[in-house]
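To start, the structure under review is shown below, and the notes come after it.
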Amino acid sequence: MREIKADDVKKAVELLCIKANYNLPDDVLNTLKEKIREEVSETGIEILTSIIENAEIAKAKEMPICQDTGIAVIFVEVGQDVHIVDGTLKDAIQNGVKEGYLNGYLRKSIVMDPFVRINTNDNTPPIVHYDIVDGDKLKITVAPKGAGSENMSALKMMKPSDGIEGVKKFIIDTVEASGPNACPPLVVGVGIGGNFEYAPLLAKKALLRPIDQRSSDSDVRALEEELLLKINGLGIGPQGLGGRITALAVNIEKYPTHIAMLPVAVNISCHVTRHATAIL
């Protein structure tokens with residue numbers, strides 16, 4: 001059994017919170033630079049240029065890419081041969097988020113009660129998803145998620161008879177309804193299958209896959225490409241001011257489901273689709 005100190009986990013999470021908020025992943029930045037050549041709207045080109053400049057300035061000056069530094073969503077893959085010592089994994093992650101948001105001068109956006117709405121002042125608690133995997137490593141991914149795009153996400157418990165055409169319509173309708181509110185160009189994460197709670201998690205995980213990497217499933221890959229084409233045909237454009245580039249990518253993950261269900265979740269992410277990963 002390999003031992004990992006809780007303090008090492010805390011320090012890793014702290015750095016990941018800062019790194020994720022200061023740096024746009026290369027796949028997103030490179031896709032923005034590619035897509036600007038496809039944009040025909042002068043306003044759209046100007047906006048995409050500003051988005052790229054903003055990301056480069058944030059990285060160079062070590063400051064947040066966006067004022068909304070989000071709720072800290074954390075994915076942890078725990079090797080079954082790992083043992084956390086000198087503290088608990090839960091506390092280490094919680095304290096890492098606290099230190100990251102304080103020391104990185106990141107906006108604290110979490111309220112302790114959905115009705116009372118008093119700020120916790122340290123951006124805790126995070127949302128943490130644990131997976132037990134083989135091996136003796138700990139893989140931690142921090143994916144800050146802002147409210148503008150998260151609010152435009154949706155889940156629909158469809159019937160199997162709705163079929164693939166019903167699924168396509170729901171995804172496109174969800175993106176169209178988001179309009180400018182989700183800060184396009186978007187990355188659209190889609191989860192199909194599972195059940196009421198698992199489809200949204202699949203959609204969230206879909207946002208972690210590099211957007212220049214299509215699904216290994218040929219049918220899903222074709223669906224991703226078809227949906228991206230149709231979404232970019234909506235004319236919403238960068239920041240909702242018209243144009244061809246409404247989305248940078250559609251990432252779909254699927255999972256087995258019940259014979260009487262067809263759950264579909266759409267997790268919309270803005271052009272600041274952030275995440276950073278460390279392996280201990």
Side-chain angles (χ1 to χ4, degrees), residues 12-38 47-77 96-97 100-101 104 106-107 123 126-129 139-150 153 182-191 201-216 221 224 228 231-232 238-239 245-253 266-280:
V13 171
E14 176 186 353
L15 293 176
L16 289 173
C17 288
I18 296 171
K19 181 180 179 182
N21 275 295
Y22 288 1
N23 298 277
L24 198 59
D26 288 342
D27 58 300
V28 178
L29 187 58
N30 291 337
T31 302
L32 281 165
K33 291 176 179 176
E34 289 174 11
K35 292 296 181 184
I36 200 169
R37 293 196 286 270
E38 298 177 21
I47 291 168
L48 291 173
T49 302
S50 297
I51 287 173
I52 293 167
E53 288 177 354
N54 177 70
E56 291 173 342
I57 291 170
K59 182 178 181 179
K61 293 187 175 295
E62 298 187 334
M63 59 176 60
I65 305 166
C66 177
Q67 52 80 27
D68 188 348
T69 54
I71 186 169
V73 182
I74 301 178
F75 297 87
V76 187
E77 292 184 9
V97 170
Y101 275 75
L106 307 174
R107 194 183 82 180
N123 225 56
I127 305 291
V128 187
H129 303 286
K139 181 179 179 181
I140 306 170
T141 297
V142 175
K145 193 68 166 60
S149 58
E150 191 78 348
S153 301
C183 288
L186 313 169
V187 178
V188 183
V190 179
L201 180 57
L202 285 173
K204 184 76 73 180
K205 285 186 173 181
L207 296 175
L208 302 181
R209 192 203 325 149
I211 64 173
D212 54 2
Q213 178 183 315
R214 300 272 49 82
S215 173
S216 58
R221 183 166 62 248
E224 290 175 341
L228 179 61
I231 288 170
N232 282 336
Q239 294 298 299
I245 309 303
T246 299
L248 301 174
V250 178
N251 285 2
I252 300 173
E253 300 295 334
V266 180
N267 195 196
I268 293 179
S269 188
C270 65
H271 62 273
V272 186
T273 297
R274 301 156 288 188
H275 46 84
T277 299
I279 298 176
L280 302 180

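Computed from a predicted structure; not experimentally measured. By convention here, the first residue in the shown sequence is residue 1. Because only heavy atoms are used, hydrogens play no part in the values below, and waters and symmetry mates are left out as well, while side chains stay in.
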Checklist entry - Is there a side chain to side chain contact (heavy atoms under 4.5 Å, CB included) between Leu106 and Asn123 once you walk through the steps? => result CA-CA 9 Å; Leu106 307 174; Asn123 225 56; over 6 Å; no
Next on the checklist: Nearest 0.5 Å, please: how far is CD1 in Ile18 from CG in Asn23?
Outcome noted: 11.0 Å
Checklist entry - Is any side-chain heavy atom of Pro238 closer than 4.5 Å to a side-chain heavy atom of His271? => result no
Checklist entry - Which atom pair, heavy atoms only, marks the closest approach of Ser149 to Ala182? => result CA-CB, 3.8 Å
Checklist outcome for this item: Closest non-hydrogen contact found for Ile65 with Leu24 is CD1-N, 3.3 Å
Item to check | Rounded distance [0.5 Å steps], CG in Leu208 versus NE2 in His275 | outcome: 6.0 Å
Checklist entry - Checking Thr273 side chain against Cys270 main chain: does a donor-acceptor pair fall under 3.5 Å? => result yes
Checklist entry - Would you say the side chain of Pro126 lies within less than 4.5 Å of the side chain of Tyr101, judging by non-hydrogen atoms? => result no
Checklist entry - Would you say the side-chain atoms of Arg274 pair up with the backbone N or O of Val142, donor to acceptor, closer than 3.5 Å? => result no
Checklist entry - At their closest point, which heavy atom of Gly96 faces which heavy atom of Val13, and how far apart are they? => result C-CG1, 3.7 Å
Item to check | Verdict with supporting geometry, Val97 and Ile74, side chain to side chain contact (heavy atoms under 4.5 Å, CB included) | outcome: CA-CA 10 Å; Val97 170; Ile74 301 178; 3.5 Å; yes
Next on the checklist: Among residues at least two apart in sequence or on other chains, which ones pass ring pair (Phe, Tyr, Trp, His ring centres under 6.0 Å) with Phe75?
Outcome noted: His129
Checklist entry - Mind checking what makes side-chain contact (heavy atoms from CB on, under 4.5 Å) contact with Asp212, not counting sequence neighbours? => result Asp27, Pro210
Checklist outcome for this item: Looking only at heavy atoms, the pair that brings Ala206 and Gly189 closest together is CB-CA, 4.0 Å
Item to check | Shortest non-hydrogen contact from Val188 toward Ala247 | outcome: CG2-CB, 4.4 Å
Item to check | Arg221 side chain vs Ser215 backbone, donor-acceptor pair below 3.5 Å | outcome: yes
Next on the checklist: Checking the side chain of Asn251 only, and the main-chain atoms of Val187 only, is there a donor and an acceptor separated by less than 3.5 Å?
Outcome noted: no
Checklist entry - Could you walk me through whether Asn232 and Glu38 pass the side chain to side chain contact (heavy atoms under 4.5 Å, CB included) check? => result CA-CA 11 Å; Asn232 282 336; Glu38 298 177 21; 5.8 Å; no
Checklist outcome for this item: Applying side-chain contact (heavy atoms from CB on, under 4.5 Å) to Ala278 and not counting sequence neighbours gives Leu16
Item to check | Pairwise side-chain contact, Pro185 with Ile51, heavy-atom cut-off 4.5 Å (strictly under) | outcome: yes
Next on the checklist: List the residues meeting salt bridge (Lys or Arg N to Asp or Glu O under 4.0 Å) with Lys139, not counting sequence neighbours, and say none if there are none.
Outcome noted: none
Next on the checklist: Tell me whether Asn54 contacts the main-chain N or O of Ser50 through its side chain, where contact means a donor paired with an acceptor under 3.5 Å.
Outcome noted: no
Item to check | Between CG on residue Leu32 and OG1 on residue Thr49, distance to nearest 0.5 Å | outcome: 10.0 Å
Checklist entry - Do Ser153 side-chain atoms and Ile268 backbone N/O form a donor-acceptor pair below 3.5 Å? => result yes
Checklist entry - Would you call Lys204 and Glu253 a side-chain contact if the rule is heavy atoms closer than 4.5 Å? => result no
Checklist outcome for this item: CG (Asn267) and CG (Leu186) are apart, to the nearest 0.5 Å, by 11.0 Å
Checklist entry - Who passes salt bridge (Lys or Arg N to Asp or Glu O under 4.0 Å) against Arg214, sequence neighbours left out? => result Glu224
Checklist outcome for this item: d(Ile252 CD1, Arg209 CZ) to nearest 0.5 Å is 8.0 Å
Checklist entry - Tell me, which pairs form a salt bridge (charged side-chain N to carboxylate O under 4.0 Å, His left out) where one or both residues lie in residues 52-66, sequence neighbours left out? => result Lys33-Glu56
Item to check | Spacing of Ile211 atom CD1 and Asn30 atom CG [to the nearest 0.5 Å] | outcome: 9.0 Å
